[in-house]
Visitor: 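Would you mind keeping the following structure in view while I ask a few things?
Letters go in sequence order (proteins before strands), and every chain restarts at 1. Note that this is a predicted model, so its numbers are computed, not measured.
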Amino acid sequence: MTKHSPVACLSKAALFTDLPIDLKKKLVAVSTHQQKFPKGSIIRQPDDGKDGKEVVLGIPQKGDIEGQQHLFKQSENENFVEAVEDTWVCSINRADFQKLLQKTPDLSLKLLNNFGKKLVAIEHNSVLRNTLDAKERILAYLNDLANEQGKNEVKLELKKKDLASYLGITPETFSRKLKELEKDGKIEVHGRWINVKR
DNA sequence: CCATTAATAGGCG
DNA sequence: CGCCTATTAATGG
């Protein structure tokens with residue numbers, strides 16, 4: 001493992017990737033790095049206690065960024081964030097961040113442009129979720145995955161029940177639709193590996 | 001091994 | 001399609 005570099009860390013955030021080095025250094029000044037959260041620990045949870053059903057809203061991968069909205073919006077935490085594996089977290093304080101924005105219009109402008117790109121991606125996912133039925137959603141998801149990785153053999157990194165939750169369906173339906181898709185000759189399922197026929 | 005959790009199956013609304 | 005229950009498979013200690 002290489003040493004943790006705050007600048008490199010910030011660079012991984014989609015929001016900050018394209019920023020020039022001097023702006024990144026300013027961000028480093030208002031951020032904390034490498035807080036460890038062991039597997040199973042709760043990174044963040046709603047202040048109002050009582051939880052409903054567990055729903056997977058997203059699956060941040062290594063180097064992914066979660067909760068960027070808190071940099072911009074003053075609000076109570078609405079969601080749980082749990083460490084599924086041992087995780088290292090780097091964070092930025094909202095108030096400090098906002099002050100920095102006011103002092104640095106260059107930064108504000110860059111971030112705004114990046115947000116535009118993000119909106120396009122969000123729209124894509126939103127369409128997937130709201131207009132397609134479960135079967136199509138699964139297939140669309142698998143296709144996206146195959147496209148991202150540029151191959152037809154795709155590995156499900158998550159437990160199927162978590163994937164199901166992510167796609168907004170129950171594990172039972174997920175399991176059944178996988179079989180249907182297999183019968184349709186659209187995919188081949190081998191445990192966690194799925195061959196997406198395109 | 002045993003105990004717990006995940007995946008699948010079948011029934012029903 | 002979701003929810004419920006039962007059965008089987010996989011996982012971890």
Visitor: Rounded to whole Å, please give me the gap between NZ in A:Lys161 and C1' in C:dT11.
Guide: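 Roughly 13 Å, once rounded to whole Å.
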Visitor: Check the side chains of A:Arg198 and A:Asn152 for a donor-acceptor pair under 3.5 angstrom, ignoring hydrogens and angles.
Guide: yes
Visitor: Quick one: are A:Lys186 and A:Leu139 in side-chain contact, heavy atoms under 4.5 Å?
Guide: yes
Visitor: Can you name the nearest heavy-atom pair linking A:Ser108 to A:Leu101, along with the distance?
Guide: OG-O, 3.1 Å
Visitor: Under the 3.5 Å rule, do the base of C:dC4 and the side chain of A:Glu172 count as making a donor-acceptor pair?
Guide: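 Present.
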Visitor: Please confirm whether the shortest side-chain N or O distance from A:Thr173 to OP1 or OP2 of C:dC1 is below 4.0 Å.
Guide: no
Visitor: May I have the distance from A:His190 (atom NE2) to B:dT8 (atom P), rounded to whole angstrom?
Guide: 13 Å
Visitor: Starting the side chain at C-beta, find the nucleotide from C:dC4, B:dA7, C:dG2 nearest to A:Lys160.
Guide: B:dA7
Visitor: What is the distance, rounded to the nearest whole Å, between atom CG of A:Leu163 and atom P of B:dA7?
Guide: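 In whole Å, B:dA7 P lies 9 Å from A:Leu163 CG.
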Visitor: Near DNA chain B, under 4.0 Å by heavy atom, which residues of residues 175-182 of chain A?
Guide: A:Ser175, A:Arg176, A:Lys179
Visitor: Between A:Ile138 (CD1) and B:dA7 (P), how many Å, whole number?
Guide: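 Rounded to the whole Å, the gap is 13 Å.
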Visitor: If the threshold is 4.0 Å, N to carboxylate O, is there a salt bridge linking A:Lys179 and A:Glu182?
Guide: no
Visitor: Specify the separation, in whole Å, of atom CG of A:Leu158 and atom P of C:dA10.
Guide: 19 Å
Visitor: Would you tell me if any nitrogen or oxygen in the side chain of A:Thr170 comes within less than 4.0 Å of OP1 or OP2 on C:dG2?
Guide: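 The answer is yes; a side-chain N or O of A:Thr170 sits under 4.0 Å from OP1 or OP2.
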Visitor: Are A:Asp184 and A:Lys135 close enough for a salt bridge, meaning some N to O gap below 4.0 Å?
Guide: yes
Visitor: Between C1' on C:dG2 and CZ on A:Phe174, what's the gap in Å once rounded to a whole number?
Guide: 16 Å
Visitor: Any base atoms under 4.0 Å from A:Gly168, or only sugar-phosphate, or nothing? Heavy atoms, all strands.
Guide: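 Touches sugar-phosphate only.
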Visitor: According to a strict under-4.0 Å criterion, is A:Lys159 in side-chain N/O contact with OP1 or OP2 of C:dA10?
Guide: no
Visitor: May I ask you to check whether over 12 heavy atoms, not counting those of A:Lys99, lie within 6.0 Å of atom NZ?
Guide: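 Incorrect, the count does not exceed 12.
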Visitor: Given the rule in the side chain to side chain contact (heavy atoms under 4.5 Å, CB included) test, do A:Tyr141 and A:Leu163 qualify, once you have shown the distances and angles that lead to the verdict?
Guide: CA-CA 10 Å; A:Tyr141 173 81; A:Leu163 253 184; 3.3 Å; yes
